[in-house]
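A short write-up of the structure that comes next.
Computed from a predicted model, the values in this text were never measured in an experiment.
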Amino acid sequence: QLQLVESGGGLVQPGGSLTLSCATSGVTVDYYAIGWFRQAPGKEREGVSCISNSGGSTNYADSVKGRFTISRDNAKNTVYLQMNSLKPEDTAIYYCAAPLDYYCSGFRVFPTVSWGQGTQVTVSS
C-alpha cells in the first residue's frame, strides 16, 4: 500500500521560503499523480498543487500561482513543493496525497487515496 511522509515544514517570516518533501514508499509511484493539500484551523481542506506521474502536467491553486513550484524525482520516490514569497495566509498543515487525476486537471482524489501525516507550515513575523 502506498505510504506518504511529509517533511520540511516550520516557522518562516512573511516573504520567506520553505521546501516541503513528500517521500513515498510501499508501491512504485511512477504512475501516480500526486498532490499537495493544506488545511488551516477552522477551514476546509484545499488543493494546493498537483503533478502528474511524469511531471509533465501540473496544477496550482490561484492563491499560490507564481509563488509555489511542484516537482518530483521518481528515482527518489519523492515529490517536492517549493514555496516562495510566503504569506501569513499560507499557514496550514500541508498534506500530500495520491493518486489524483492523471493529468492534474483538478484536485480530485480517487477512493483509494492515501494521505501523509501532514507537516505544519507557519508564516508569521
Side-chain angles (χ1 to χ4, degrees):
Q1 294 181 340
L2 178 63
Q3 297 177 337
L4 307 98
V5 179
E6 303 92 338
S7 63
L11 175 64
V12 64
Q13 294 183 339
S17 299
L18 283 174
T19 299
L20 305 183
S21 297
C22 174
T24 66
S25 63
V27 298
T28 301
V29 301
D30 303 50
Y31 304 105
Y32 286 86
I34 299 178
W36 284 97
F37 298 78
R38 66 186 182 187
Q39 186 168 22
K43 297 183 178 180
E44 295 185 350
R45 181 197 68 195
E46 63 174 338
V48 176
S49 187
C50 176
I51 188 166
S52 64
N53 67 304
S54 66
S57 297
T58 59
N59 190 27
Y60 297 93
D62 289 341
S63 59
V64 307
K65 285 182 178 178
R67 299 188 298 119
F68 291 11
T69 302
I70 191 170
S71 62
R72 68 189 296 165
D73 186 338
N74 286 343
K76 297 181 179 179
N77 295 315
T78 302
V79 175
Y80 305 95
L81 185 67
Q82 176 66 48
M83 306 185 295
N84 298 323
S85 302
L86 284 163
K87 305 175 181 179
E89 51 263 45
D90 294 318
T91 296
I93 301 176
Y94 284 71
Y95 302 88
C96 58
L100 272 69
D101 177 83
Y102 300 137
Y103 300 104
C104 291
S105 59
F107 295 102
R108 293 187 298 112
V109 298
F110 288 89
T112 55
V113 63
S114 296
W115 296 88
Q117 85 289 348
T119 186
Q120 177 71 49
V121 172
T122 302
V123 184
S124 177
S125 60

Measure the shortest side-chain to side-chain distance between D101 and C50 over non-hydrogen atoms and say whether it is less than 4.5 angstrom. no

S25: side chain to side chain contact (heavy atoms under 4.5 Å, CB included) partners, not counting sequence neighbours: Q3

Quick one: pull up OG in S49 and CH2 in W36 and give me the separation to the nearest 0.5 Å. 10.0 Å

Counting N and O atoms only, with roles assigned by atom type, does the side chain of S52 sit under 3.5 Å from a partner on the main chain of S57, one being a donor and the other an acceptor? yes

Is there a path of hydrophobic side-chain contacts, each under 4.5 Å between heavy atoms, that joins F107 and I34? no

Using only atom types and a distance under 3.5 Å, with no angle test, would you say the side chain of R108 pairs donor to acceptor with the backbone of C104? no

Less than 4.5 Å apart, side chain to side chain, heavy atoms only: is that true for Y103 and N59? no

Between D90 and M83, does the side chain to side chain contact (heavy atoms under 4.5 Å, CB included) criterion hold? Intermediate values first, please. CA-CA 10 Å; D90 294 318; M83 306 185 295; over 6 Å; no

Tell me if a side-chain donor or acceptor on N84 pairs with a main-chain N or O of G16 at a distance below 3.5 Å. no

T69 and Y60: side chain to side chain contact (heavy atoms under 4.5 Å, CB included), yes or no, with the steps? CA-CA 8 Å; T69 302; Y60 297 93; 3.9 Å; yes

Any heavy-atom pair between the side chains of P14 and P88 that's under 4.5 Å? yes

In terms of hydrophobic clusters joined by side-chain contacts under 4.5 Å, are Y80 and L20 together? no

Mark yes when over 12 heavy atoms from residues, nucleotides or ligands other than Y102 sit less than 6.0 Å from its OH; otherwise mark no. no

Kindly work out whether a path of hydrophobic side-chain contacts (I/L/V/M/F/W/Y, heavy atoms less than 4.5 Å apart) joins Y32 to L100. no

Could you report the tightest heavy-atom contact between T119 and G8, atom names first, then the distance? OG1-N, 4.1 Å

Using modelled atom types only, decide if a donor and an acceptor are shared between the side chain of Q1 and the backbone of G26 within a distance under 3.5 Å. no

R72 and N53 have their tightest heavy-atom pair at NH1-CA, 3.2 Å

Checking side chain to side chain contact (heavy atoms under 4.5 Å, CB included) for the pair N74/K76: CA distance, chi angles, key distance, verdict? CA-CA 5 Å; N74 286 343; K76 297 181 179 179; over 6 Å; no

Hydrophobic clusters here meaning ILVMFWY residues chained together by side-chain heavy-atom distances under 4.5 Å, can you tell me if V113 and Y95 are in one? yes

Smallest heavy-atom separation, A40 atom then T91 atom, equals CB-O, 3.7 Å

Are a donor atom and an acceptor atom from the side chains of Q13 and S125 found within less than 3.5 Å of each other? no

What one should report as the nearest heavy-atom pair of G47 and A61 is O-CB, 3.4 Å

Between Y94 and F68, what is the ring plane arrangement, given parallel below 30°, perpendicular above 60°, and tilted in between? tilted

Taking T122 for its side chain and L11 for its backbone only, find out whether a donor-acceptor pair lies under 3.5 Å. no

For the pair R38 (side chain) and Q120 (backbone), establish whether a donor and an acceptor sit closer than 3.5 Å, ignoring hydrogens and angles. no

For Q117 and L4 the tightest heavy-atom approach is OE1-O, 3.9 Å

Between D73 and T78, is any side-chain donor less than 3.5 angstrom from a side-chain acceptor? no

Nearest heavy-atom contact between S85 and S17 is N-OG, 4.3 Å

Given the ring of F37, does R45 sit roughly above its face, with NZ or CZ under 6.0 Å from the centre of the six-membered ring and within 45° of the axis? yes

Under 3.5 Å, side chain of Q39 to main-chain N/O of I93, donor-acceptor pair present? no

Flag yes if I70 and V109 sit in one hydrophobic cluster, no otherwise; membership is Ile, Leu, Val, Met, Phe, Trp, Tyr, and two members link when side-chain heavy atoms are under 4.5 Å apart. no

Show the numbers, then the answer: is there a salt bridge (Lys or Arg N to Asp or Glu O under 4.0 Å) between K65 and D62? CA-CA 5 Å; K65 285 182 178 178; D62 289 341; 3.2 Å; yes

Could you check whether any side-chain N or O of T24 sits under 3.5 Å from a backbone N or O of N77, counting only pairs where one atom can act as donor and the other as acceptor? yes

